[in-house]
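Worksheet: the structure to be examined is printed underneath.
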Number of protein chains: 2
Amino acid sequence: MTQNIEIEVKLPDFELDLFLPYLLTEAAEKLSHDLAAIYRDAGLSTPQWRVMVHLSYSGQVSVRDIERRVSMEKSKVSRAAARLELAGLVAKRGDPDDGRLVALGLTEAGRALMAQLLPRAIDYQRQLEATLGADLPLFHKALSRLLNKEAPE
Amino acid sequence: MTQNIEIEVKLPDFELDLFLPYLLTEAAEKLSHDLAAIYRDAGLSTPQWRVMVHLSYSGQVSVRDIERRVSMEKSKVSRAAARLELAGLVAKRGDPDDGRLVALGLTEAGRALMAQLLPRAIDYQRQLEATLGADLPLFHKALSRLLNKEAPE
DNA sequence: GATTTTTCGTTGCAAATGCAACGTGTTTCC
DNA sequence: GGAAACACGTTGCATTTGCAACGAAAAATC
């Protein structure tokens with residue numbers, strides 16, 4: 001007859017406050033949330049904002065280009081672009097050379113909107129850089145190391 | 001009679017690759033994605049994982065506690081907890097002192113699972129720390145500065 | 001040059017999300 | 001002690017999301 005022994009499994013110590021995936025997520029969500037105040041009044045969602053930003057400093061661009069550059073699902077890009085077109089901020093044409101591609105570009109209204117929003121985003125970036133001060137280059141270096149690190153296993 | 005002059009709105013230069021909200025989001029998503037490989041096989045979603053982690057180093061805890069501590073919507077916590085209970089990983093009791101509160105805690109099965117998963121998460125953290133090397137303390141400092149920075153406006 | 005493969009963008013669908021509203025229980029205030 | 005205000009956790013609902021599947025178009029293969 002075996003005894004019924006209650007074994008309390010011992011868990012390793014774990015400091016959530018030092019856990020980098022958690023910390024980074026927190027920081028990213030905070031910055032994105034604060035930034036969103038800039039474009040939300042203009043009726044833009046976050047995916048729409050990202051598309052607009054990309055179109056602001058690129059010329060004619062396909063959905064696939066944005067997908068790769070901003071790492072957004074192509075369906076997300078597609079839907080964001082559709083709404084931006086409805087709002088008159090983005091023009092969507094077929095690429096004359098390749099019938100599969102769509103050529104996205106800002107309309108004049110889109111450029112006018114971004115001419116208002118981008119300076120505010122740049123200003124926010126300046127504030128963040130000021131917050132980091134002299135540590136900024138090192139912070140960038142650290143981020144790019146994390147981004148380029150290959151996945152484990 | 002006014003001339004119809006096409007004015008191309010000039011947009012300010014904008015380097016997405018240096019934009020901190022974007023960079024942080026990228027890095028956070030990458031780390032979270034890589035980490036998810038550890039708990040996804042166990043059938044845990046990300047919200048469920050977060051709840052499990054919190055319960056691993058706290059005792060009996062209410063939904064509100066988790067909401068505040070891990071900054072997850074209470075509905076998200078509630079639904080994650082409901083599924084964890086169904087899976088037998090979490091026990092949900094009413095708090096005897098306060099009838100509104102729910103007392104969440106790991107079951108033995110839950111502790112056993114986390115005893116498997118936590119070391120792997122800790123190992124992943126060690127890899128990240130190794131990647132950052134001597135810059136780790138400064139990186140932490142930078143992150144906490146960004147997190148504590150008050151929102152503009 | 002016809003056929004198979006691949007690429008691109010959209011859409012259908014199931015699941016997840018955020019928010020408000022609700023029921024229940026507790027605290028506050030008179 | 002009763003009424004109003006508040007806190008907690010769940011649920012309903014509209015919206016968003018990710019993924020797979022699809023049709024159209026181009027590339028690759030033979």
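Below, chain A is the first sequence line, B the second, and so on; all start at residue 1.
- Contact annotation: side chain of Arg93(A) to base of dG9(C), donor-acceptor pair absent below 3.5 Å.
- Listed by chain and number, the residues in a salt bridge (Lys or Arg N to Asp or Glu O under 4.0 Å) with Lys30(A) are Asp34(A) (sequence neighbours excluded).
- A donor-acceptor contact under 3.5 angstrom links the side-chain atoms of Arg79(A) to the base of dG18(D).
- Remark: Ser75(B) is not in phosphate contact with dT10(D), judged by side-chain N or O atoms under 4.0 Å from OP1 or OP2.
- With distances taken from any side-chain atom of Leu101(B) to the nucleotides dC8(C), dC8(D), dT11(C), the minimum falls on dC8(D).
- Residues Leu104(B) and Glu85(B) are not in side-chain contact: their nearest non-hydrogen atoms beyond the backbone lie 4.5 Å or more apart.
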Show each protein N/O and nucleotides 24-29 of chain D N/O combination with a separation under 3.5 Å, one pair to a line.
from: dA25(D); atom 1: O3'; to: Gly99(A); atom 2: N; distance (Å): 3.4
from: dA26(D); atom 1: OP1; to: Gly99(A); atom 2: N; distance (Å): 2.7

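- Distances shown here put a side-chain N or O of Arg68(A) below 4.0 Å from the OP1 or OP2 atom of dC8(C).
- One finds a side-chain N or O of Arg83(A) lying less than 4.0 angstrom from the OP1 or OP2 phosphate oxygen of dT16(D).
- Among the heavy atoms of the strands, none lies under 4.0 Å from Ser45(B).
- Remark: the backbone N or O of Leu106(A) is not paired with any side-chain donor or acceptor of Arg111(A) at under 3.5 angstrom.
- Within the 4.5 Å cutoff, the side chain of Val53(B) has heavy atoms near those of the Met114(B) side chain.
- Atoms CD (Gln48(A)) and C1' (dT15(D)) sit 13 Å apart, rounded to a whole Å.
- Between Lys92(A) and the phosphate of dT10(C), there is a side-chain N or O to OP1/OP2 separation shorter than 4.0 Å.
- For the pair Ile122(A) and Phe14(B), the minimum side-chain heavy-atom distance is below 4.5 Å.
- Listed pair Lys76(B) / dG18(C) meets the phosphate criterion, a side-chain N or O lying under 4.0 Å from OP1 or OP2.
- With respect to Glu129(B) and Arg126(B), no salt bridge is recorded, no charged nitrogen being found less than 4.0 Å from a carboxylate O.
- Rounding to the nearest 0.5 angstrom, the gap separating the CG atom in Leu84(B) from the CG atom in Leu55(B) is 8.0 Å.
- Summarising the geometry, the separation between CZ on Arg64(B) and C1' on dT10(D) is reported as 14 Å, rounded to the nearest angstrom.
- Among dC8(D), dC19(D), dT10(C), the nucleotide with an atom closest to any side-chain atom of Glu73(A) is dC19(D).
- In this structure, the helix from dG1(C)-dC30(D) to dC30(C)-dG1(D) shows an angle of 30° between the axis at its start and the axis at its end, each fitted on 5 base pairs and rounded to 10°.
- Between Lys74(A) and Asp65(B), the residue anchored nearer the 5' end of DNA chain D, judged by the nucleotide with its closest heavy atom, is Asp65(B).
- Atom CZ of Arg68(B) is separated from atom OG of Ser62(B) by 7.0 Å, given to the nearest 0.5 angstrom.
- Looking only at distances, a side-chain donor or acceptor of Ser56(A) sits under 3.5 Å from a matching main-chain atom of Met52(A).
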